[in-house]
**Student:** 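Take a look at this one; I'll ask things after.
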Amino acid sequence: MLRPYQIQLLGDIRREMRVHKRVLAVLPTGGGKTRIFCEIAQKARSRGAKVQVLVHRRELVDQTPDESVCTIQSWRPSDEDLVIVDEAHHSCARTWLEKLSACDRVLGFTATPQRLDGGGLDALYSAMVTGPSSADLIDEGWLSRYKLFCPPGAADLRGIRRVAGDYGKRQLTEAVSQTRVVAAAVRNWLTLAGRRQTIAFCVSIAHMEKVQSSFVAAGIDCACIDGKMPKGQRDDVIKRFREQQITVLLSVDLISEGFDVPACDCVLLLRPTQSLGLHLQQVGRALRPSSQHAVILDAAGNSQHHGLPDDARSWQLQGTQKRRAGLVPNLAVRICPRCFGVHRPHLQICPFCQYRHALDSRIPEERDILLQEHEQKKRDLRRQIGHARTIEQLEEVRKERGYKPGWAEHIIRSRGQRVHYARNS
C-alpha cells in the first residue's frame with residue numbers, strides 16, 4: 001500500500017503527464033520511488049500500454065520488482081508507450097540522451113535532479129514534480145532523525161585535479177589511503193558510531209582494502225562489496241550484514257545509487273566528492289526509519305561543502321547557477337570544535353554539547369554584529385589616539401595595540417608637532 005505522500009505525488013505526476021510528455025519526479029532517498037514507478041508501470045500495462053523501466057546498472061535489475069526492467073546500455077528504443085527512468089539525474093549523459101530523445105513519453109525519477117557540474121536536466125524533461133522534502137519525511141517519521149559528525153583527520157585535497165566535475169580517482173585514492181587518514185577514520189568511528197551497523201563509502205578497491213585492513217586490525221567484523229564481485233558472493237556478504245554477522249560493510253560505486261541493502265544505523269563517508277547528488281545519495285542510506293537516531297560520520301569533509309541532509313533545497317530543471325568568482329560563500333554548516341557535531345550555522349550554541357561558538361563573518365546573522373563591533377573598535381581607537389597628546393601617551397597606545405616601533409613618532413609628525421620625550425626627573 002502506498003503511503004499518503006506517495007499517493008499525492010502519484011496524482012501530481014499523472015496531472016503533469018496529461019500536459020507534458022517528459023516529466024521528472026523528485027523524491028528523497030528512502031522515500032520509496034521504486035514503489036511509485038512500479039505502481040505506474042502496472043496501471044499503464046493494465047490498460048494495454050507498452051512500458052519499459054530503465055536502470056543505469058545491472059545490479060539494479062534484479063532488485064526492481066517489475067517485469068520490464070533493463071539497463072540503459074542494453075536497451076534499444078522501439079515502440080514503447082512509456083519509458084520510466086530510475087536515477088534520472090543521469091538522463092542527460094550523452095548515451096542516455098540520444099536514446100531517450102527518441103521516445104515519445106518519458107517519466108524520470110531521482111532524489112537529486114541535477115548533474116555533477118550543477119547543470120540541469122531540461123535538455124530532456126519539460127516539467128518537474130517534487131514530493132515532500134527530507135525534512136518533511138523526517139518530521140513525519142518516514143525517515144530517521146540523525147546526528148552528523150565531522151571530526152578532524154580528513155585527507156588534504158589541495159592539488160587534486162578534477163575529472164568530469166569530480167576529484168580524479170587516482171589522485172584521490174592516494175590522498176585518502178594515507179595511513180593517518182584511514183587510521184583517523186577508524187578511530188573516529190570507534191568513538192562516535194557506537195559500533196552501529198555501518199555502510200562505508202570508499203573511493204576505489206585499493207582504498208577499500210586498506211580501510212578493511214584497518215577495521216579488522218581494530219577487531220571489527222568488516223566486509224567489502226563492489227560492482228565487479230560475482231553476484232552470489234555479493235549476495236552472501238549482504239546476507240551476513242543483514243544478519244549482523246558483519247558490522248561494517250564497505251562499498252565502491254555500488255550502494256550509493258539505488259542499490260538495495262538492509263537498513264543500517266550509520267554511514268561512514270570516506271569518499272570526498274564535489275557532487276551534491278552523490279553526497280545526498282550516500283547519507284540517505286542511514287535515514288531509513290529505525291528505533292534509534294542515525295549517525296552520519298563524515299570523514300571526508302563533504303558536509304562543509306554540501307550542507308545538511310535535510311537542508312531546504314530549491315531544485316530546478318535548469319540546474320544551479322555557478323557562483324561568481326571572488327564571491328565568498330556563506331558557511332554551509334557549523335562544526336563544533338568540542339564534540340565535532342555538525343549543525344546549522346545560525347545556531348551559535350552547539351545542540352549536542354552546548355559549546356558556544358565564536359562569531360563568524362561567513363554567517364549572515366553574525367556578519368552585521370561583527371561589522372558593528374569592528375566599527376566600534378575603530379571609533380574607540382580614534383578616540384584613544386585623539387586623547388593621547390604626548391609621545392609618551394602615544395607610546396602606551398602603541399604597546400597596548402601591538403603596533404610597530406616608530407608608530408608614535410609618525411602620529412606626532414602627522415600632527416605637525418616635533419617629537420619630544422619628557423626627561424625623567
Side-chain angles (χ1 to χ4, degrees), residues 5-29 31-41 43-44 49-57 60 64 66 68-73 75-134 164-165 256-258 275-281 284 312-322:
Y5 69 85
Q6 293 172 331
I7 296 173
Q8 175 67 44
L9 181 59
L10 182 60
D12 293 341
I13 292 170
R14 286 172 172 162
R15 280 191 292 273
E16 287 297 327
M17 291 293 288
R18 295 190 189 107
V19 180
H20 301 275
K21 292 187 175 182
R22 295 171 182 171
V23 174
L24 182 67
V26 181
L27 189 64
T29 299
K33 295 182 291 294
T34 302
R35 294 180 64 183
I36 297 175
F37 71 65
C38 285
E39 175 77 10
I40 292 173
K43 291 292 180 63
K50 183 178 180 180
V51 180
Q52 179 67 61
V53 177
L54 300 177
V55 295
H56 75 294
R57 284 200 311 263
L60 305 183
T64 303
D66 190 88
S68 59
V69 182
C70 70
T71 63
I72 185 70
Q73 293 81 6
W75 173 67
R76 295 292 179 270
S78 57
D79 57 347
E80 292 90 354
D81 298 297
L82 175 64
V83 175
I84 297 175
V85 184
D86 191 20
E87 306 299 342
H89 46 280
H90 296 291
S91 295
C92 290
R94 183 175 59 83
T95 303
W96 289 63
L97 190 58
E98 288 176 357
K99 293 183 177 182
L100 293 171
S101 295
C103 302
D104 184 47
R105 297 176 68 81
V106 179
L107 174 59
F109 282 83
T110 182
T112 52
Q114 69 179 39
R115 306 175 68 182
L116 175 59
D117 61 0
L121 302 174
D122 53 333
L124 180 64
Y125 301 99
S126 58
M128 183 170 70
V129 179
T130 57
S133 66
S134 294
S256 57
E257 290 185 336
S275 169
L276 171 61
L278 179 58
H279 173 68
L280 293 178
Q281 295 276 354
R313 293 179 171 88
S314 179
W315 301 115
Q316 299 180 14
L317 275 177
Q318 294 75 25
T320 59
Q321 293 183 346
K322 292 184 178 180

**Student:** Look at Lys21 together with Asp104 and state whether they make a salt bridge at an N to O cut-off of under 4.0 Å.
**Tutor:** yes
**Student:** Backbone N or O of Ser78 within a donor-acceptor pair of the Glu80 side chain at under 3.5 Å?
**Tutor:** yes
**Student:** Just verifying a value: how many Å separate Leu121 CG and Gln114 CD, rounded to the nearest 0.5 Å?
**Tutor:** 8.5 Å
**Student:** Can a donor-acceptor pair be found, under 3.5 Å and without considering hydrogens, that links the side chain of Arg115 to the backbone of Ala93?
**Tutor:**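 Checked: no pair found.
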**Student:** Mind checking the CG-CD spacing from Leu82 to Gln52? Nearest 0.5 Å is all I need.
**Tutor:** 10.0 Å
**Student:** Going by atom type alone, with no hydrogens or angles, which donor-acceptor pairs under 3.5 Å involve a side-chain atom of residues 7-14 and a protein atom two or more places apart or on another chain?
**Tutor:**
unit_1 : atom_1 : unit_2 : atom_2 : d
Gln8   : NE2    : Asp12  : OD1    : 3.2
Gln8   : NE2    : Asp12  : OD2    : 3.4
Asp12  : OD1    : Arg15  : NH2    : 2.2

**Student:** Check ring pair (Phe, Tyr, Trp, His ring centres under 6.0 Å) between Tyr125 and all other residues, then give those that pass, not counting sequence neighbours.
**Tutor:** none
**Student:** Take Glu39 and Arg35, measure what salt bridge (Lys or Arg N to Asp or Glu O under 4.0 Å) needs, and give me the verdict at the end.
**Tutor:** CA-CA 6 Å; Glu39 175 77 10; Arg35 294 180 64 183; over 6 Å; no
**Student:** Which atom names give the shortest non-hydrogen contact between Ser91 and Val85, and what distance separates them?
**Tutor:** OG-CG1, 3.9 Å
**Student:** When you measure from the side chain of Gln6 to the backbone N and O of Gly131, does any donor-acceptor pair fall under 3.5 Å?
**Tutor:**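 Absent.
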**Student:** I need the Met128 CE to His20 NE2 distance, nearest 0.5 Å.
**Tutor:** 12.0 Å
**Student:** Are Leu107 and Phe37 side-chain neighbours, meaning at least one heavy-atom pair lies under 4.5 Å?
**Tutor:** no
**Student:** Can you see which heavy atom on Leu97 is nearest to which on Ser101, and at what distance?
**Tutor:** O-OG, 2.7 Å
**Student:** What pair of heavy atoms forms the shortest contact from Ala111 to Trp315, and how long is it?
**Tutor:**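 Reported closest heavy-atom pair: O-CZ2, 4.1 Å.
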**Student:** Using modelled atom types only, decide if a donor and an acceptor are shared between the side chain of Arg313 and the backbone of Thr112 within a distance under 3.5 Å.
**Tutor:** no
**Student:** Identify the heavy atoms of Gln281 and Thr29 that sit nearest to each other, and give their distance.
**Tutor:** OE1-OG1, 3.5 Å
**Student:** Taking 4.0 angstrom as the limit, do Asp79 and Lys50 come out as a salt bridge?
**Tutor:** yes
**Student:** Is any side-chain heavy atom of Phe109 less than 4.5 Å from a side-chain heavy atom of Ile40?
**Tutor:** yes
**Student:** Between atom CG of Leu54 and atom CD of Gln73, what is the distance when rounded to the nearest 0.5 Å?
**Tutor:** 9.5 Å
**Student:** If you take all heavy atoms of Gly120 and Cys92, which pair is closest and at what distance?
**Tutor:** O-SG, 4.3 Å
**Student:** Kindly indicate whether the side chain of Leu24, heavy atoms from C-beta on, has any atom under 4.5 Å from the side chain of Ser126.
**Tutor:** no
**Student:** Dump the intermediate steps for side-chain contact (heavy atoms from CB on, under 4.5 Å) on Leu100 and Trp75, then the final yes or no.
**Tutor:** CA-CA 10 Å; Leu100 293 171; Trp75 173 67; 4.1 Å; yes
**Student:** What's the separation between atom OG1 in Thr34 and atom CD1 in Ile84, rounded to the nearest 0.5 Å?
**Tutor:**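 The CD1 atom of Ile84 is 10.5 Å from OG1 of Thr34, to the nearest 0.5 Å.
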**Student:** Between CG of Asp86 and OG1 of Thr71, what distance do you get to the nearest 0.5 Å?
**Tutor:** 12.5 Å
**Student:** Where is the tightest heavy-atom contact between Thr110 and Ala88, given as atom of each residue plus distance?
**Tutor:**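 Scanning both residues completely, I find the closest heavy atoms to be CB-N, 3.8 Å.
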